[in-house]
Amino acid sequence: MGTTKIDRARVADTALRLLNEVGLDGLTLRAIARELDVKAPALYWHFKDKQELLDEMATVMYRRMLDEEPPAPVPVRWQDQLVSYQCVLRRTLLRYRDGAKVYSGARFTGTDHAPGLEAHLRTMIDAGFDLRQAVRAGTTANAYTMGFVTEEQGVRPMPDERREGYDIAERAARMERYPLVAAAGPEIFSGYDERFEDGLWIIVAGIEARYGVA
């Protein structure tokens with residue numbers, strides 16, 4: 001091992017790059033240290049444990065989302081804002097192997113997310129929600145995105161990969177005694193973009209019905 005100088009940003013960047021190669025299970029502090037050409041204890045100067053590193057990785061993912069997504073007009077309606085943000089978040093998570101698992105439950109280490117969240121909450125309150133309702137609507141949509149992408153990445157760890165055992169034709173042959181189950185295969189294990197957005201609009205309809213805000 002050398003005497004390479006490292007900081008939090010370099011460790012998180014290396015960890016995200018390594019994540020796409022080995023996945024979350026293979027992402028150990030030892031593996032990251034080896035990639036950085038330092039001894040593993042050197043990482044503990046910057047992160048007390050793996051969860052703290054995951055928090056920083058999620059924060060970097062969010063910052064990259066702000067930088068990498070093309071600028072677009074901010075939707076005026078709360079419904080469009082909610083759907084637009086969750087679609088952008090999903091695209092960001094799909095750039096990383098196990099991206100949803102890294103992001104879920106992470107505690108952001110900065111305040112980069114605050115301006116966007118403040119603006120969206122303001123839009124919802126102006127539309128007629130109270131703060132409690134606005135928060136519940138947003139966190140419900142976010143939980144849907146996390147769950148959807150976790151399942152999606154279970155089938156397609158990366159957009160150009162598909163795990164063995166998820167061939168739709170083979171599945172249909174195994175399920176031939178159950179025609180509806182067999183026919184559901186293409187709907188369950190393909191068409192992720194369309195299914196994701198359709199699900200978001202189902203959630204929006206539920207929010208409108210629950211809180212009476214259109």
Side-chain angles (χ1 to χ4, degrees), residues 1-72 74 81-82 84-120 138-139 141-163 192-193 196:
M1 295 290 180
T3 57
T4 306
K5 290 185 178 181
I6 60 173
D7 55 23
R8 287 175 65 92
R10 187 173 179 196
V11 174
D13 184 69
T14 300
L16 285 169
R17 177 166 48 81
L18 194 58
L19 178 70
N20 277 355
E21 299 175 13
V22 302
L24 186 56
D25 290 341
L27 187 69
T28 64
L29 293 177
R30 186 179 298 276
I32 296 167
R34 186 165 54 247
E35 193 76 8
L36 288 165
D37 193 31
V38 299
K39 294 182 178 180
L43 300 183
Y44 290 101
W45 285 100
H46 305 283
F47 301 99
K48 67 180 181 181
D49 54 30
K50 186 175 179 179
Q51 184 55 58
E52 191 170 287
L53 172 58
L54 293 176
D55 291 343
E56 185 68 20
M57 290 166 64
T59 302
V60 173
M61 289 165 66
Y62 186 87
R63 289 170 181 159
R64 289 180 179 178
M65 180 177 74
L66 296 180
D67 291 339
E68 293 170 1
E69 282 294 326
V74 177
Q81 281 192 23
L82 186 148
S84 176
Y85 173 75
Q86 297 300 330
C87 287
V88 170
L89 177 58
R90 172 175 170 262
R91 288 197 296 271
T92 296
L93 298 176
L94 290 176
R95 295 188 182 112
Y96 304 94
R97 191 180 300 274
D98 293 326
K101 291 181 180 179
V102 171
Y103 205 85
S104 294
R107 181 184 66 84
F108 286 155
T109 60
T111 59
D112 309 76
H113 63 292
L117 179 57
E118 179 79 12
H120 180 62
T139 54
N142 197 73
Y144 164 75
T145 300
M146 293 296 106
F148 188 99
V149 178
T150 297
E151 290 294 322
E152 182 178 1
Q153 292 187 316
V155 177
R156 304 189 308 174
M158 295 293 284
D160 59 347
E161 296 180 18
R162 194 173 185 88
R163 276 182 57 202
Y192 288 98
D193 294 345
F196 175 74

Quick one: does any side-chain atom of [X] pair with a main-chain N or O of [Y] as donor and acceptor, under 3.5 Å?
X: Q153; Y: G99; answer: yes
X: R163; Y: G154; answer: yes
X: D98; Y: K101; answer: no
X: N20; Y: R95; answer: yes
X: K50; Y: L27; answer: yes

In this structure, OG1 of T59 is separated from NE2 of H113 (nearest 0.5 Å) by 8.5 Å
Set of side-chain hydrogen bond (donor to acceptor under 3.5 Å, both in side chains) partners for [X], sequence neighbours left out:
X: T28; answer: none
X: D55; answer: Q51
X: Y103; answer: none
X: E56; answer: R8, T109

Check your understanding: Going by an N to O cut-off under 4.0 Å, is there a salt bridge joining R17 and E35?
Key ->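 Yes.
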- Message: For residues 17-68, which residue pairs pass the ring pair (Phe, Tyr, Trp, His ring centres under 6.0 Å) check, not counting sequence neighbours?
- Response: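 Those involving residues 17-68 are Y62-F108.
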Listed by chain and number, what are the salt bridge (Lys or Arg N to Asp or Glu O under 4.0 Å) partners of [X], not counting sequence neighbours?
X: R64; result: D13
X: E21; result: none
X: E151; result: none
X: R162; result: none

- Sequence neighbours left out, what passes side chain to side chain contact (heavy atoms under 4.5 Å, CB included) with A119? Give chain and number order.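 Checked A119 against side chain to side chain contact (heavy atoms under 4.5 Å, CB included); zero matches.
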Under the rule for side chain to side chain contact (heavy atoms under 4.5 Å, CB included), what residues qualify as partners of E118, not counting sequence neighbours?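 In terms of side chain to side chain contact (heavy atoms under 4.5 Å, CB included), with neighbours along the sequence ignored, E118 is linked to no residue.
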Would you say that L43 contacts L36 through its side chain, given a criterion of any heavy-atom pair below 4.5 Å between the two side chains? yes
Report the C-alpha distance between V38 and I32 in whole Å, list the side-chain angles of each, state the deciding distance to 0.1 Å, and finish with yes or no for side chain to side chain contact (heavy atoms under 4.5 Å, CB included).
CA-CA 9 Å; V38 299; I32 296 167; over 6 Å; no
- [ ] Applying ring-ring contact (aromatic ring centres under 6.0 Å, His included), name anything that partners Y144, two or more places apart in sequence or on another chain.
- [x]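 Partners of Y144 under the ring-ring contact (aromatic ring centres under 6.0 Å, His included) test: F148, F196.
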